[in-house]
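Encoded as structure tokens, the structure appears first; notes follow it.
Heavy atoms only: backbone and side chains are in, while hydrogens, waters and symmetry mates are out. Fair warning: this is a prediction, and the values are worked out from it, not measured in the lab.
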Amino acid sequence: EASSAEITDQLLGHLGKGDKLAIVSKYDKTDFVDQLTERGIRARYISGQTSMQDFCFLQKAKKELIGVCKSTFFNWSSIFGEAEKVVSYSMRTSTSSSCSHLKDKTFRNRNFIYPEINSEIKMFN
């Protein structure tokens with residue numbers, strides 16, 4: 001598994017000093033917050049909420065939503081949420097499979113009722 005430094009560099013390298021970031025996870029992510037704070041990013045770890053509160057929080061992301069492709073909460077938040085940009089990623093390791101559903105043309109080219117949703121969701125693998 002990649003270290004918090006590798007993940008913050010690869011996924012969050014575009015963030016600059018003064019940018020704000022909230023991390024929602026069922027696992028303690030204070031190491032990520034520490035890494036980002038060292039770079040001058042105003043990062044915080046959201047904890048102590050119910051699952052429904054976490055889901056609603058993700059849906060309210062305005063600028064960018066970044067998440068693991070295997071997360072149901074992330075996937076539904078990317079569809080019904082307010083984020084301008086959605087980045088879905090997978091960590092490839094010897095013990096886990098990648099998110100092969102993202103390679104499926106049907107999944108990648110979803111045909112939503114509202115065309116503006118189609119243009120907002122970009123899947124990366």
Side-chain angles (χ1 to χ4, degrees):
E1 187 167 309
S3 70
S4 59
E6 290 174 300
I7 293 171
T8 57
D9 286 346
Q10 290 179 18
L11 287 175
L12 306 170
H14 63 287
L15 296 177
K17 204 172 201 173
D19 284 344
K20 295 188 301 183
L21 174 76
I23 299 172
V24 178
S25 175
K26 63 182 175 182
Y27 305 107
D28 184 358
K29 296 295 179 188
T30 52
D31 54 334
F32 286 86
V33 172
D34 294 343
Q35 284 283 332
L36 294 161
T37 302
E38 286 177 18
R39 289 181 29 204
I41 296 166
R42 296 169 37 201
R44 62 190 171 123
Y45 168 58
I46 307 298
S47 63
Q49 298 190 133
T50 65
S51 296
M52 186 56 71
Q53 288 170 324
D54 283 347
F55 180 67
C56 291
F57 185 85
L58 292 173
Q59 282 188 292
K60 294 294 179 187
K62 299 283 184 205
K63 187 174 180 183
E64 188 171 11
L65 181 63
I66 302 171
V68 180
C69 63
K70 289 186 177 184
S71 167
T72 305
F73 275 18
F74 167 76
N75 284 310
W76 284 112
S77 295
S78 72
I79 293 169
F80 296 115
E82 302 173 10
E84 293 175 16
K85 179 180 178 184
V86 174
V87 178
S88 179
Y89 73 94
S90 67
M91 298 298 293
R92 293 191 181 157
T93 66
S94 58
T95 58
S96 68
S97 61
S98 67
C99 299
S100 58
H101 62 280
L102 294 179
K103 295 176 186 172
D104 180 351
K105 191 174 183 175
T106 306
F107 184 85
R108 290 180 66 109
N109 299 316
R110 288 178 261 178
N111 193 13
F112 295 106
I113 294 170
Y114 301 103
E116 62 272 12
I117 294 175
N118 283 325
S119 65
E120 290 180 21
I121 298 175
K122 304 284 185 257
M123 298 296 187
F124 301 97
N125 191 353

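Nearest heavy atom pair, residue Ser78 against residue Val86, reads CB-CG1, 3.5 Å. Of all heavy-atom pairs spanning Asn75 and Cys69, the tightest one is ND2-O, 2.8 Å. Listed here is the closest heavy atom pair of Leu15 and Arg39: O-NH2, 3.1 Å. Nearest heavy atoms, Phe74 versus Gly67: CE1-N, 3.2 Å.
Between the CZ atom of Arg42 and the OG1 atom of Thr37 there is a distance of 11.0 Å, given to the nearest 0.5 Å. Distance check: Gln35 CD to Glu6 CD gives 10.0 Å after rounding to the nearest 0.5 Å. One finds the CZ atom of Phe80 at 12.5 Å from the SG atom of Cys56 (value rounded to the nearest 0.5 Å). Rounding to the nearest 0.5 Å gives a distance of 9.5 Å between OG of Ser88 and CG of Leu65. Lys85 NZ to Glu64 CD: the interatomic distance, rounded to the nearest 0.5 Å, is 4.5 Å.
The side-chain hydrogen bond (donor to acceptor under 3.5 Å, both in side chains) analysis of residues 49-61, with sequence neighbours excluded, yields the pairs Gln49-Asp54, Thr50-Gln53, Lys60-Glu82.
In this structure the side chain of Leu12 never reaches within 4.5 angstrom of the side chain of Ile41, judged on heavy atoms. Considering only heavy atoms from C-beta on, Tyr89 comes within 4.5 Å of Ile66 through its side chain. Between Phe55 and Ser77, some side-chain heavy-atom pair lies under the 4.5 Å cut-off. With a 4.5 Å cut-off on side-chain heavy atoms, Tyr45 and Phe32 do not count as touching.
In the hydrophobic clustering of ILVMFWY residues, with side-chain heavy atoms under 4.5 Å counting as a link, Trp76 and Met52 come out together.
At distances below 3.5 Å, at least one donor-acceptor pair connects side-chain atoms of Asp19 with backbone N or O atoms of Gly16.
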